[in-house]
Amino acid sequence: MYQKIFNKFYDSYGPQGWWPISGKNRTGKAEDRPLHVPKHHNGPPKTENDILEIMLGAILTQNTNWKNVEKAIENLSKNNLINQEKLQQIPQNALAEFIRSAGYYNQKAKSIKNQIHFLEDNPIEDLKSKKLEDLRKILLDIKGIGPETADSILLYAFQKPSFVVDAYTKRIFSRIGIIIADDSYDQVKQAFETGLKQDVTLFKEYHALIVEHGKNVCKTHPTCETCILAHDCAFARKHLNTKTK
DNA sequence: CGCCAGGGCCTCA
DNA sequence: TGAGGCCATGGC
C-alpha cells in the first residue's frame, strides 16, 4: 500500500530532488516543468557546508512555511554565516536577528547554537561513518532537535534510510485510513519503514512528495475533487459523497 | 482579519 | 507518557 501510493505520487508529481538548497540547483520556478525533470536536482550534499545548510534548514523549518525559511537561509548565506566557525563566534542574539523571518527565532537561534556546539565535538566527517541508530540517538540529545528534525538530518544530510514523519504525513495517511490520527511519531515511522524497501532515494522522494501533496491538495481544507488518491481515501470518499448530495 | 505553516520543549498531572 | 501552553514571522 505504501509503495503503491508512492507510485501514484511520483507518477503525477514527478521527482522532487530534495533537499532544497539555497541558490543552487534550482530548476527554476517554471510551473510548466516537464514531469520527468526534478523540481530541484540536489543529490547527496557535496560539501560540508551543504550538509551544514541542511542541518540548519531542518531546524529552521520546524512548524514553519519553507518560504520563510528560505529567506532566513538566504540571509545567512549572503552574510557568509553558513559556516561552522562563524556560527561558533556569533552571539545567539545576533544570530536570532538573521533568522527572524523563520519565526520562533529566539528558540531556533538557541537550537542552532546547541547544534554547532555539538559539531565542535563531533566533526561532520566523523558523523558520516556512524550507524543510523547511533547517529539518531546523539542527534536527539541536542536540545532543539526532535524526531522529525533528526530524521530529516539523517536522511537528507547523511543519506541514512530513516523515514521522516511530519504533520503532512499524519494528516494524509490518517485521512486515507491506514494510520490513526493520534498514532505516535515512532508508530507512523515504523509503519512506513516496514511497508517499504529500505532505500535512501525512495525515502527522500517519498517525504518530499508527501510535502508536495500536503501543501497543495491534502490541505487543512483539502481539495478532494482534484486528489489523485480520492479512490484510495476514506476521507475523500465521504467528503465527495456528502458534497454531491 | 484569522488561519496556517515540512516541531519541540517544558510543565504538570 | 500525554495533553496543553508557549514560541513568532509572513502569506493568503
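The chains referred to below are lettered A, B, ... by the order of the sequence lines, with proteins before strands, and numbering in each begins at 1. Every value quoted in this text rests on a predicted model; they were computed, and no experiment measured them.
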Per-residue pairing states of DNA chain C in dot-bracket (Watson-Crick or G-U under 3.5 Å; . unpaired, | other strand) read |||||||.||||
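- Under the rule for a side-chain hydrogen bond (donor to acceptor under 3.5 Å, both in side chains), A:Gln89 has no partner lying at least two apart in sequence or in another chain.
- A heavy atom closer than 4.0 Å to some atom of DNA chain B occurs in A:Ile142, A:Lys143, A:Gly144, A:Ile145, A:Gly146, A:Pro147, A:Glu148, A:Thr149, these being the qualifying members of residues 141-164 of chain A.
- The number of heavy atoms from other shown groups lying within 6.0 Å of CG (A:Leu140) is above 12.
- In plain terms, the two heavy atoms of A:Pro45 and A:Ala157 that are nearest each other are CG-O, 3.5 Å.
- Within residues 5-17 of chain A, no residue has any heavy atom closer than 4.0 Å to DNA chain B.
- Taking the side chain to side chain contact (heavy atoms under 4.5 Å, CB included) definition, one finds that A:Ala96 meets it with A:Tyr105, A:Asn106, A:Ala109, sequence neighbours left out.
- In this structure, A:Gln187 places its CD atom 13 Å from P of C:dT1, rounding to the nearest Å.
- Considering only residues two or more places apart in sequence or on other chains, A:Ser101 meets the side-chain hydrogen bond (donor to acceptor under 3.5 Å, both in side chains) condition with none of them.
- Shown for residues 196-215 of chain A: residues whose heavy atoms fall under 4.0 angstrom of DNA chain B, namely A:Val211, A:Lys215.
- If you take atom P in C:dG10 and the same atom in B:dG8, they sit 22 Å apart, rounded to whole Å.
- No donor-acceptor pair closer than 3.5 Å links the side chain of A:Arg237 to the backbone N or O of A:Ala230.
- Rounded to whole Å, atom C1' of B:dC3 lies 7 Å from atom NE2 of A:His221.
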Side chain to side chain donor-acceptor pair (under 3.5 Å) between A:Gln3 and A:Asn7, intermediate numbers included
CA-CA 6 Å; A:Gln3 180 63 48; A:Asn7 293 340; 3.0 Å; yes
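- Every side-chain hydrogen bond (donor to acceptor under 3.5 Å, both in side chains) that A:His213 has, sequence neighbours left out, goes to A:Tyr13.
- As rounded to whole Å, 11 Å separates atom P of B:dG8 from atom NZ of A:Lys170.
- Residue A:Ser111 places no side-chain N or O under 4.0 Å from the OP1 or OP2 atom of B:dG8.
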Going 5' to 3' through nucleotides 6-12 of chain C, assign each nucleotide B (protein heavy atom under 4.0 Å from a base atom), S (under 4.0 Å only from sugar-phosphate atoms) or - (no protein heavy atom that close).
-BBBSS-
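- Taking only side-chain nitrogens and oxygens, A:Arg171 never comes nearer than 4.0 Å to OP1 or OP2 of B:dC4.
- Every side-chain hydrogen bond (donor to acceptor under 3.5 Å, both in side chains) that A:Asp232 has, sequence neighbours left out, goes to A:Lys4, A:Lys8.
- Counted within 6.0 Å of NZ on A:Lys67, heavy atoms from surrounding residues, nucleotides or ligands total 12 or fewer; the atom is thus considered open.
- Without hydrogens or angle criteria, A:Glu148 side chain to A:Gly146 main chain gives no donor-acceptor distance under 3.5 Å.
- For residues 151-179 of chain A, the salt bridge (charged side-chain N to carboxylate O under 4.0 Å, His left out) pairs, not counting sequence neighbours, are A:Arg136-A:Asp151, A:Asp151-A:Lys189.
- The separation between A:Glu70 atom CD and B:dA5 atom P is 18 Å, rounded to whole Å.
- Pairs engaging residues 195-217 of chain A under the salt bridge (charged side-chain N to carboxylate O under 4.0 Å, His left out) rule: A:Lys39-A:Glu212 [sequence neighbours left out].
- Rounding to the nearest 0.5 angstrom, the gap separating the OG1 atom in A:Thr61 from the CG atom in A:Asn68 is 9.0 Å.
- Checking A:Leu140 against A:Thr220, the closest nucleotide of DNA chain B that is more toward the 5' end is the one next to A:Thr220.
- A 4.5 Å side-chain heavy-atom check between A:Leu95 and A:Lys110 finds every atom pair outside the cut-off.
- Looking only at side-chain heavy atoms (C-beta outward), A:Leu240 and A:Glu225 come within less than 4.5 Å of each other.
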